Amino acid sequence: MAKKNNQLFFMKPWGLRSIINFIVSLFLALAIILFISSTAKTGNARGDGMESAKAAGRGEDGETCDLFSGKWVFDNLTYPLYSERECMFMSDQSACEKFGRKNFRYQNWRWQPNGCNLPRFNATRLLESLRGRRMVFVGDSLNRNQWVSMVCLLGSVIPSSLKSMETNGSLMSFKAKEYNASVEFYWSPLLVESNSDHPTNHRIPDRIVRTQSIEKHAKHWTDADILVFNSYLWWRRSTMKVLWGSFQDNDGIYKEIEILRAYELALKTWSDWLEFNVDPLKTQLFFVSMSPTHFWGEEWGIDSNQNCYNETEPIEKIGFWGTGSDKRMMNVVDMAIDRLKDRGVSVQILNVTQLSEYRKDGHPSIYRKQWDPLTEEQIANPSSYADCIHWCLPGVPDVWNELLYAYIFKQQ
């Protein structure tokens, strides 16, 4: 049978042109198959949609790297990334050099992830990606701290005549004119509506929150291309008074609620708003984890009546965790973001808590503008009025923005 088939084959010989066409077609088919196979492998390596925190960096072996796990390395050759004095829109809350700090080592620490390197912040590249777009930071004064850092980072490559700042109520907007880009901060310390929403007059001891109401704020950042949220500091209490109804409604119902439950209700309103009002294909979403405080010196081995005042070096103990950071509240955020992911909305957590826990040296302490006159007792005891919440700039929030930068381009 084989012989007969061979005879049939040679009974109909192909011409030279047919043989050449066959060979060419065969090579083209093989090339297409190899290309499709290579593309599929590349797609699998990149992943689809939002990935875990470990996917923003890669080590030398090609494995994914957790950018949030690492150590601080002193680096006075490449840090700081900008000058406090040259930042046109520096905040007096963070201008530690301006207000008398003499030790500047806090400016020279670089975050080194384990097993890989944090991508170097390229202000021009980020501005190009923001061309014709809008980035909005939404939250409390620590989110404003990070926003000022971002303004300084981007502003360092923009001539004075091509950048400006506008303030409209709770919204502050940095404009990069050449790029038609806007980097903004919106004051909303509890994310949802509260009686602490005034941008300057918000020191209210009897704090009240409307956990079911967010539209008052959200209408100001609905069309943003990048949204960076935070909310923690203003929830640091055992209970919160929650209002069902409006502040103008005399029939409103007030109830004192355990803080974790109130926080959960607020984040549910926030996440529901994101699900129904944000296009996940257009808008990149981030949530910055809690920023630690350093008020209790005994936690790192000094007197219990001392705090971040006069601290000049980071904490070296691996895994140090202060009592001011509540992991239960971090879990509430994690669960809210997991539920959003199940509904098709991806929010990347920037887990800055652990890396910032080490930086007891990075706070303004007494080196910032004092909004109220100091008493004689305070002057005699500087620790009593030290700011161990916010951060000097340049400093720790610059690293938060380096992480944000890495994930912005990872997602794109």
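These numbers come from a predicted model, not from an experiment.
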Peer 1: For atom CZ of R237, is the number of surrounding heavy atoms from other residues, nucleotides or ligands below 6.0 Å larger than 12?
Peer 2: yes
Peer 1: Sort and list the pairs that fulfil side chain to side chain donor-acceptor pair (under 3.5 Å) and have at least one residue in residues 387-399, not counting sequence neighbours.
Peer 2: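 Found Y82-D398, S141-H390, S149-D398, S291-W391, R368-D387, D387-H390.
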Peer 1: How far apart are the closest heavy atoms of H217 and W221, and which atoms are they?
Peer 2: O-NE1, 3.2 Å
Peer 1: How far apart are the C-alpha atoms of D140 and R144, what are their side-chain angles, what is the distance that settles it, and do they pass the salt bridge (charged side-chain N to carboxylate O under 4.0 Å, His left out) test?
Peer 2: CA-CA 6 Å; D140 58 26; R144 182 173 61 212; over 6 Å; no
Peer 1: Should the pair H220 and Y186 be assigned to parallel (<30°), tilted (30 to 60°) or perpendicular (>60°) ring geometry?
Peer 2: parallel
Peer 1: How are the rings of H363 and H294 set to each other: parallel, tilted or perpendicular (split at 30° and 60°)?
Peer 2: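 Because their plane-to-plane angle lies in the 30° to 60° range, the rings of H363 and H294 count as tilted.
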Peer 1: Could you tell me if K327 sits above the aromatic ring of W321, with its cationic atom closer than 6.0 Å to the ring centre and no more than 45 degrees from the axis?
Peer 2: yes
Peer 1: Check whether NZ of the Lys or CZ of the Arg R236 lies under 6.0 Å from the centre of the six-membered ring of F295 and within 45 degrees of that ring's axis.
Peer 2: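 Judged by the rule (NZ or CZ under 6.0 Å from the ring centre, within 45° of its axis), R236 is not positioned above F295.
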Peer 1: Using a 3.5 Å cut-off and no angle test, enumerate the donor-acceptor pairs between side-chain atoms of residues 153-165 and protein atoms at least two apart in sequence or in another chain.
Peer 2:
unit_1: S156; atom_1: OG; unit_2: L153; atom_2: O; d: 2.6
unit_1: K163; atom_1: NZ; unit_2: G155; atom_2: O; d: 2.8
unit_1: K163; atom_1: NZ; unit_2: I158; atom_2: O; d: 3.1

Peer 1: Count the heavy atoms of every other residue, nucleotide or ligand shown that sit under 6.0 Å from NZ of K175, and state whether that count exceeds 12.
Peer 2: yes
Peer 1: Quick one: ring-ring contact (aromatic ring centres under 6.0 Å, His included) partners of Y263, sequence neighbours excluded?
Peer 2: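 Result, ring-ring contact (aromatic ring centres under 6.0 Å, His included) vs Y263: W235.
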Peer 1: Given the rule in the side-chain hydrogen bond (donor to acceptor under 3.5 Å, both in side chains) test, do N145 and Q93 qualify, once you have shown the distances and angles that lead to the verdict?
Peer 2: CA-CA 8 Å; N145 208 169; Q93 190 174 49; over 6 Å; no
Peer 1: Using a 6.0 Å distance limit plus a 45 degree cone around the ring axis, check whether R210 lies over the aromatic ring of W244.
Peer 2: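 Not satisfied by the 6.0 Å and 45° rule.
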Peer 1: Looking at E256, I'd like to know if its CD atom is crowded, meaning that more than 12 non-hydrogen atoms belonging to other residues, nucleotides or ligands lie closer than 6.0 Å.
Peer 2: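 Counting other residues, nucleotides and ligands, CD of E256 exceeds 12 neighbours.
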Peer 1: Is the number of heavy atoms from other residues, nucleotides or ligands under 6.0 Å of K255 NZ greater than 12?
Peer 2: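 Counting neighbours around NZ of K255, 12 or fewer heavy atoms of other residues, nucleotides or ligands fall under 6.0 Å, so no.
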